[in-house]
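Remarks on the structure that follows.
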Amino acid sequence: MKVPNHLHAYTPHPRKWEDHESQLMIHTPQEFSFSENLSYLSRSDQECLFEVTNVQIVRALELNNHTSLIEIRAETETKLIIRFLDGSSPKEWQDRVAVAHYIYEWFDLDRNLHPFYELAKNDPILQKPVHQFFGLRNMGIPDLFEAIVWAILGQQINLSFAYTLKRRFVETFGNYLVHQGKKYWLFPKPEKIADLTIEDLADLKMTRKKSEYVIGAAQQMVRGELSKETLLEAKDIKTAEKMLTRIRGIGPWTANYVCMRCLRYPSAFPIDDVGLHNSIKHITGAKEKPSKEEILQYSASWTDWEAYATFYLWRMLY
């Protein structure tokens with residue numbers, strides 16, 4: 001398998017997992033806390049793509065054209081059990097491999113966080129969040145279309161309303177599985193959205209511009225002009241950012257968000273993010289939000305860990 005250029009500087013943890021057909025067992029890195037990641041995933045009661053309790057996650061996944069309903073629990077803080085519910089275990093081995101790989105990507109389990117924690121333990125900005133949320137991973141959005149749509153929906157609105165728009169979008173255009181009377185939704189495919197008009201999205205109450213951007217991104221993916229594989233082949237994050245900002249509706253913030261949450265560029269840095277500014281203001285006790293120049297000074301030692309630094313600072317706000 002070709003290793004993306006942006007991962008060459010790191011020594012990822014080897015993927016350790018066991019296939020027991022009706023369930024999978026994934027051995028996580030030492031710098032991992034299932035409870036911390038559950039806490040992060042529970043930040044909004046409007047989340048529609050998975051259900052989180054204090055001990056497990058249940059969600060539907062459609063991979064390789066096979067749809068499964070999975071339950072994720074921690075046997076220990078570093079051992080995850082993925083159980084297939086309602087007889088949805090894939091019969092083909094490669095489909096179970098796809099589920100395991102999705103979990104690795106979602107929880108960013110390939111990342112060796114030891115260098116980041118070494119960097120952060122004496123950093124005046126990162127010291128507190130890293131101590132408070134040790135084991136938290138930069139929870140990803142492995143599907144490119146989902147990542148782009150979520151980033152577009154979140155532009156210039158608060159997180160609560162962004163979740164409302166996402167729920168309306170998913171429940172209007174997505175498919176679902178039913179388990180014990182509950183619906184578990186799948187994110188809409190670009191093929192379905194590409195054929196829609198702005199009027200088809202009117203009831204969602206998103207702006208016309210956002211509707212245009214979402215449909216346009218779907219159409220580019222369907223035409224093969226935009227793909228995760230192509231973006232991962234970019235020689236560096238600047239190239240990937242330029243490729244993304246050519247898409248109507250995607251500016252530097254949105255591009256860096258996608259690079260951070262989906263493409264896993266460790267140096268992705270949405271430096272103009274309001275939440276990032278608020279978190280730094282809170283940690284420093286300053287009366288005013290930091291200027292861009294001040295943020296560049298604070299982040300001077302974060303090279304190749306800007307994405308994780310941002311994610312941990314965002315976590316301080318929830």
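Values below: all heavy atoms of this structure, side chains included; hydrogens, waters and symmetry mates excluded.
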What orientation do Phe34 and Phe107 show, parallel under 30°, tilted 30 to 60°, or perpendicular over 60°?
->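 The rings of Phe34 and Phe107 sit tilted, inter-plane angle from 30° to 60°.
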Classify the ring geometry between Trp17 and His101 as parallel (under 30°), tilted (30 to 60°) or perpendicular (over 60°).
-> perpendicular
With a 4.5 Å cut-off on side-chain heavy-atom distances among I, L, V, M, F, W and Y, is there a chain of contacts connecting [X] to [Y]?
{"X": "Val214", "Y": "Trp253", "answer": "yes"}
{"X": "Tyr176", "Y": "Leu85", "answer": "no"}
{"X": "Ile250", "Y": "Val222", "answer": "no"}
{"X": "Leu38", "Y": "Leu80", "answer": "yes"}
{"X": "Val170", "Y": "Val58", "answer": "no"}

Interatomic distance, [X] atom [atom1] to [Y] atom [atom2] [nearest 0.5 angstrom]:
{"X": "Thr164", "Y": "Phe161", "atom1": "OG1", "atom2": "CZ", "result": "6.5 Å"}
{"X": "Ser33", "Y": "Leu136", "atom1": "OG", "atom2": "CG", "result": "8.5 Å"}
{"X": "Glu62", "Y": "Leu177", "atom1": "CD", "atom2": "CG", "result": "9.0 Å"}
{"X": "Leu313", "Y": "His282", "atom1": "CG", "atom2": "NE2", "result": "10.5 Å"}
{"X": "Ile82", "Y": "His20", "atom1": "CD1", "atom2": "NE2", "result": "10.5 Å"}
{"X": "Leu63", "Y": "Ile70", "atom1": "CG", "atom2": "CD1", "result": "8.5 Å"}

Chi angles and distances behind the side-chain contact (heavy atoms from CB on, under 4.5 Å) call for Leu144, Leu226 = CA-CA 9 Å; Leu144 177 64; Leu226 173 64; 4.2 Å; yes
For residues [X] and [Y], report the shortest heavy-atom separation together with the two atoms involved.
{"X": "Ala240", "Y": "Ala234", "answer": "N-CB, 3.7 Å"}
{"X": "Ala255", "Y": "Leu244", "answer": "O-CD1, 3.7 Å"}
{"X": "Met221", "Y": "Pro190", "answer": "CB-CB, 4.3 Å"}
{"X": "Leu69", "Y": "Ala60", "answer": "CD1-N, 3.8 Å"}
{"X": "Ser267", "Y": "Asp304", "answer": "CB-OD1, 3.8 Å"}

So, do [X] and [Y] sit near enough that their side-chain heavy atoms are less than 4.5 Å apart?
{"X": "Ser299", "Y": "Trp305", "answer": "no"}
{"X": "Lys166", "Y": "Phe169", "answer": "no"}
{"X": "Arg248", "Y": "Glu212", "answer": "yes"}
{"X": "Pro266", "Y": "Phe116", "answer": "no"}
{"X": "Ile283", "Y": "Pro129", "answer": "yes"}
{"X": "Met260", "Y": "Tyr265", "answer": "no"}
{"X": "Tyr257", "Y": "Ile141", "answer": "yes"}
{"X": "Ile271", "Y": "Leu296", "answer": "yes"}

Could you check, using the six-membered ring where one of them is a Trp, whether [X] and [Y] have ring centers closer than 6.0 angstrom?
{"X": "Phe133", "Y": "Tyr40", "result": "no"}
{"X": "Trp150", "Y": "Tyr163", "result": "yes"}
{"X": "Tyr117", "Y": "Phe134", "result": "yes"}

N-O pairing of [X] and [Y] below 4.0 Å:
{"X": "Glu51", "Y": "Lys182", "value": "yes"}
{"X": "Glu191", "Y": "Lys189", "value": "no"}
{"X": "Arg73", "Y": "Glu71", "value": "yes"}
{"X": "Arg168", "Y": "Glu171", "value": "no"}

State whether the side chain of [X] and the backbone N or O of [Y] hold a donor-acceptor pair below 3.5 Å, judged by distance alone.
{"X": "Asn256", "Y": "Pro252", "answer": "yes"}
{"X": "Gln219", "Y": "Ala194", "answer": "yes"}
{"X": "Lys210", "Y": "Gln155", "answer": "yes"}
{"X": "Ser88", "Y": "Ser68", "answer": "no"}
{"X": "Asn112", "Y": "His114", "answer": "yes"}
{"X": "Glu118", "Y": "Ala120", "answer": "no"}
{"X": "Arg167", "Y": "Glu47", "answer": "yes"}
{"X": "Thr284", "Y": "Ile280", "answer": "yes"}
{"X": "Glu294", "Y": "Ser291", "answer": "yes"}
{"X": "Ser279", "Y": "Leu276", "answer": "no"}

Residue of the set Ile57, Ile26, Leu24 for which side chain to side chain contact (heavy atoms under 4.5 Å, CB included) holds with Ile103 | Ile26
Taking the six-membered ring of [Y] as reference, does the NZ or CZ atom of [X] fall below 6.0 Å from its centre and within a 45° cone about the axis?
{"X": "Arg315", "Y": "Tyr318", "answer": "no"}
{"X": "Arg59", "Y": "Trp106", "answer": "yes"}
{"X": "Lys192", "Y": "Phe173", "answer": "no"}

Decide if atom CD of Glu288 counts as having more than 12 heavy atoms of other residues, nucleotides or ligands within a radius under 6.0 Å.
->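 No, CD of Glu288 has 12 or fewer neighbouring heavy atoms, counting only those of other groups under 6.0 Å.
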Are more than 12 heavy atoms from other residues, nucleotides or ligands located less than 6.0 Å from atom CD of Gln156?
->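 Check fails, neighbour count at 12 or below.
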Report yes or no: do [X] and [Y] form a side-chain donor-acceptor pair below 3.5 Å?
{"X": "Asp108", "Y": "Tyr308", "answer": "yes"}
{"X": "Trp302", "Y": "Asp123", "answer": "yes"}
{"X": "Ser42", "Y": "Ser39", "answer": "no"}
{"X": "Asp95", "Y": "His66", "answer": "no"}

Could you check Glu18, Lys79, Arg15 and say which one makes a side-chain hydrogen bond (donor to acceptor under 3.5 Å, both in side chains) with His27?
->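 The single option meeting the side-chain hydrogen bond (donor to acceptor under 3.5 Å, both in side chains) with His27 is Glu18.
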Looking at Lys228, Arg111, Arg137, which one forms a salt bridge (charged side-chain N to carboxylate O under 4.0 Å, His left out) with Glu105?
-> Lys228
